[in-house]
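First up is the structure itself, then whatever we jot down about it.
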Amino acid sequence: MASISVPSPIIGFSARPRGPGAAKLSKDLFRSHQLVSPLSSSPFPKSLFHCPVSRLRVVAKSSPSPPPPPPSSAGDAAEAEAFAWPSVILPFLFPALGGLLFGYDIGATSVASISLQSAELSGTTWFNLSAVQLGLVVSGSLYGALAGSLLAYPVADFLGRRRELIAAAAFYFIGGLTTGSAPELLVLILGRCLYGIGIGLAMHGAPLYIAETAPSQIRGTLISLKELFIVLGILLGYLVGSFEINAVGGWRYMYGSSAAIAILMGIGMWSLPPSPRWLLLRAVQGKSSLQENREKAIYSLGKLRGRPPGDKASEKQIDDTLKSLKAAYAEQEPEGSLWEVFEGASLKAFIIGGGLVLFQQITGQPSVLYYAASILQSAGFSAAADAAKVSVIIGSFKLLMTGVAVLKVDDLGRRPLLIGGVSGIVLSLFLLGAYYKGLSGLPLVAVGALLLYVGSYQVSFGPISWLMVSEIFPIRTRGRGISLAVLTNFGSNALVTFAFSPLQELLGAGNLFFVFGAIALLSLLFVILYVPETKGLSLEEIESKILK
């Protein structure tokens, strides 16, 4: 909008030469005049003008000044950050492989468990597994992930995001090879647990590294893409399983194949620079030389943005971040206690992030997918006779809807996707409950509810929960905070997994879905009341504007 100038004689500024202080005063008064309604009382002292105040009002009415431009938002600042797309891809891709390997384990295990128990196909003498033994094999990676989350809590800030992901790749590699070559059941379970430690470290380090290195204007897109990689991993696991299901010892190839991807992840992370924010954090904490780490951070940021060495934009961004960190640590100990995450702004962040990943698990996702085959079969879909095909159908739809979230998260924002998606989850769960309680003659209702649930989950809790976890914690406690959120996620996952069968037997399918629907309704209220919008804000702005 073009600006409208008001000639100085009209408002009576003196034509005498003025000093800098007077010029500043006149400028400030003129800015104040722009903010006052023409119908309000003038904010200017009468002695400053040669004309009556009433005349000033008339002039303001006849030549209204335009409203001042809104203060520069974080989003505007983010849009001004220059980067080259080729330089952004690899710092996203290699950490995201940690999510792909997590998804691969889910998909491969669902098929490998069938191969492992087959007298003809297992290739072992210990194929006749009890329910407890099979449960340990299937859930071994979950126990390992819990251990990895606990391990990350005290050491994440010491290791740094990059080295943590290199360690995750090492655990993935060792776990995959150990599982694939296991000569007996105990070694197989050990390999599953080692692989799970890699999951726990990767699901902690990947969102941290991506959030701290991505440009603010595409941070949401990239972290949501990590969820897409998890879904891709699930589909890849199904695909490898379908190729190897009829081979003797096929389960060994299913698990062992993950080692190749782990090698790629480890080499890729080795080639990437450390997180500039982590380098500055260690310097402010007194763990490293401030000047040396500042230079390293400038180099890392320049490399991550595809800028030439000595670029002034990188230097300015690092100095701004360093200033924010120093301000955050000014009146506090350089390194807080292990319990600091339960205090002040960190506690608020944990309530938001931890609450989201908790509701992500306890709103019934495993239960809904458990009934997917029977729902499709009741509707007459022949694919329901083949569990692998059903898995591919559901997985493909998950992939499609995750793509929608990826495309819209930095456009619509986090809250609209969460509110809309969780509302769809609530509706779908109550529809599923009604189907099993009295609408069994309308199978298309159940199919529609199933697809609504999967789609709603993948545009809300699926990607957005991890996105919010990665960006909501203050940098001072970000490593420990995300570790607790990951622990909450895997812990609640284990709880739902163990409680599902007893609850199903006690309540029946219809009542179980109604219970999950009530929990989902609570989660919707939680999102509306407690979850803020972080679209376009830098990590430092989230800390200063939302958490404080």
Side-chain angles (χ1 to χ4, degrees), residues 100-148 171-200 230-262 366 369-374 383-395 490 493-494 496-498 500-501:
L100 184 138
L101 285 167
F102 173 36
Y104 179 84
D105 181 70
I106 296 172
T109 297
S110 67
V111 186
S113 59
I114 300 172
S115 171
L116 185 61
Q117 296 178 89
S118 170
E120 297 81 17
L121 300 177
S122 70
T124 68
T125 57
W126 37 274
F127 60 85
N128 191 21
L129 303 179
S130 68
V132 173
Q133 289 172 329
L134 181 61
L136 288 173
V137 171
V138 172
S139 302
S141 60
L142 175 59
Y143 304 139
L146 286 168
F171 276 106
Y172 275 139
F173 177 76
I174 296 171
L177 286 186
T178 303
T179 304
S181 60
E184 58 183 38
L185 181 62
L186 286 178
V187 177
L188 174 62
I189 295 172
L190 174 62
R192 299 286 294 136
C193 290
L194 289 173
Y195 192 96
I197 294 175
I199 292 175
I230 295 175
V231 179
L232 279 173
I234 294 173
L235 288 175
L236 181 61
Y238 291 148
L239 183 63
V240 173
S242 67
F243 277 115
E244 300 294 344
I245 188 64
N246 293 318
V248 176
W251 60 272
R252 296 185 184 277
Y253 300 106
M254 297 176 205
Y255 284 129
S257 298
S258 62
I261 305 175
L369 297 183
Y370 176 86
Y371 282 99
S374 63
D386 186 338
K389 291 180 181 178
V390 172
S391 299
V392 171
I393 290 172
I394 299 298
F490 286 118
N493 187 326
V496 171
T497 300
F498 288 128
F500 172 69
S501 293

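What's counted below: heavy atoms across the whole structure, side chains too, no hydrogens, waters or symmetry copies.
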Nearest heavy-atom pair of [X] and [Y]: which atoms, and what distance?
X	Y	value
I199	A145	CG2-CB, 4.1 Å
L121	N246	CD2-O, 3.6 Å
R192	V137	NE-O, 2.9 Å
Q133	N128	OE1-O, 4.2 Å
G176	S258	CA-OG, 3.7 Å
T178	G191	CG2-CA, 3.7 Å

Is it the case that the side chain of [X] and the backbone of [Y] share a donor-acceptor pair, with hydrogens and angles ignored and the cut-off at 3.5 Å?
X	Y	result
W251	Q117	no
R252	A182	yes
Y255	S181	no

message = Can you confirm whether M254 sits close enough to S115 that some side-chain heavy atom of one is under 4.5 Å from a side-chain heavy atom of the other?
response = yes
inquiry  = Is there a side-chain contact between L142 and F490 in this structure, where contact means two heavy atoms from C-beta onward sitting under 4.5 Å apart?
reply    = yes
How long is the gap from [atom1] on [X] to [atom2] on [Y], to the nearest 0.5 Å?
X	Y	atom1	atom2	value
L235	I230	CG	CD1	12.5 Å
T124	L129	OG1	CG	7.5 Å
L146	S141	CG	OG	10.0 Å
L136	L186	CG	CG	9.5 Å
I261	L101	CD1	CG	5.0 Å
L185	L134	CG	CG	10.0 Å

message = If the test is ring pair (Phe, Tyr, Trp, His ring centres under 6.0 Å), which one of Y104, Y143, Y172, F171 qualifies with Y195?
response = Y172
